[in-house]
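Step one of this worksheet: look at the structure below.
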Amino acid sequence: AVVSTQSGHYGREWGLVQGNVLEMLAMGGTGIWAGICSEGAALGHADSCTTILNLIRLGNTKVLNNGINCQYLREAAINVTKIVTTEKPFERQPVYGERATDMVFGFVFDQINN
């Protein structure tokens, strides 16, 4: 992981990636360096789509008040994954996998699933 007092970039090697990003932000970090989807060098990285939606889920209203279109963000992560890998995201990929919104984020993406 590349970390400074202001921002961080985390790889997915050990499965703790989103928790690490959220902890860094909670400790005063002001940014992340990441792509929209988790596809990246080696095993991937903490993607900005999942991080932003986790911030909303945890009660950060500044994200929504800055006019971020969450439905478009999710669609963008799906599309970039398809471009990079020529396949859809893994169905259980958090936030933007086909089954990711079955229950956890149904209240955010209800129009996408209908």
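Numbering of residues begins at 1 and proceeds along the displayed sequence.
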Inset, instruction - Could you tell me which residues satisfy side chain to side chain donor-acceptor pair (under 3.5 Å) with Thr50, sequence neighbours excluded, listed by chain and number? - result: Asp47
Inset, instruction - Apply side chain to side chain contact (heavy atoms under 4.5 Å, CB included) to the pair Met24 and Ile32, showing each step before the final yes or no. - result: CA-CA 9 Å; Met24 180 270 303; Ile32 59 170; 3.8 Å; yes
Legend entry - Partners passing side chain to side chain contact (heavy atoms under 4.5 Å, CB included) against Asn69 (at least two apart in sequence or in another chain): Gln71, Tyr72
Inset, instruction - Could you pull out all residues at least two apart from Leu64 that satisfy side chain to side chain contact (heavy atoms under 4.5 Å, CB included)? - result: Ile56, Cys70
Inset, instruction - Please name the pair of heavy atoms, one in Tyr96 and one in Ser38, separated by the smallest distance, quoted to 0.1 Å. - result: OH-N, 2.8 Å
Legend entry - Side-chain donor/acceptor of Arg92 to backbone N/O of Arg99, under 3.5 Å: no
Inset, instruction - Could you tell me the separation between the CG atom of Asn60 and the CD1 atom of Ile52, rounded to the nearest 0.5 Å? - result: 10.0 Å
Inset, instruction - Indicate the atoms forming the closest heavy-atom contact of Thr51 with Leu22, along with that distance. - result: O-CD2, 4.4 Å
Inset, instruction - Only counting residues at least two apart or in another chain, list the ones meeting side chain to side chain donor-acceptor pair (under 3.5 Å) with Ser48. - result: none
Inset, instruction - Kindly compute the distance separating CG (Leu53) from CZ (Arg74), expressed to the nearest 0.5 Å. - result: 9.5 Å
Legend entry - Under the side chain to side chain contact (heavy atoms under 4.5 Å, CB included) test, residues paired with Glu87 that sit two or more places apart: Thr85
Legend entry - Minimum heavy-atom distance between Ala77 and Cys37, given as atom pair plus value: O-CB, 3.7 Å
Inset, instruction - Write down the atom of Cys49, the atom of Val95, and the distance for their closest heavy-atom approach. - result: SG-CG1, 3.8 Å
Inset, instruction - Kindly write out the residues that satisfy salt bridge (charged side-chain N to carboxylate O under 4.0 Å, His left out) with Lys82, not counting sequence neighbours, or none if the list is empty. - result: none
Inset, instruction - First locate atom NZ of Lys88, then atom CD1 of Ile78, and finally report the distance between them rounded to the nearest 0.5 Å. - result: 9.5 Å
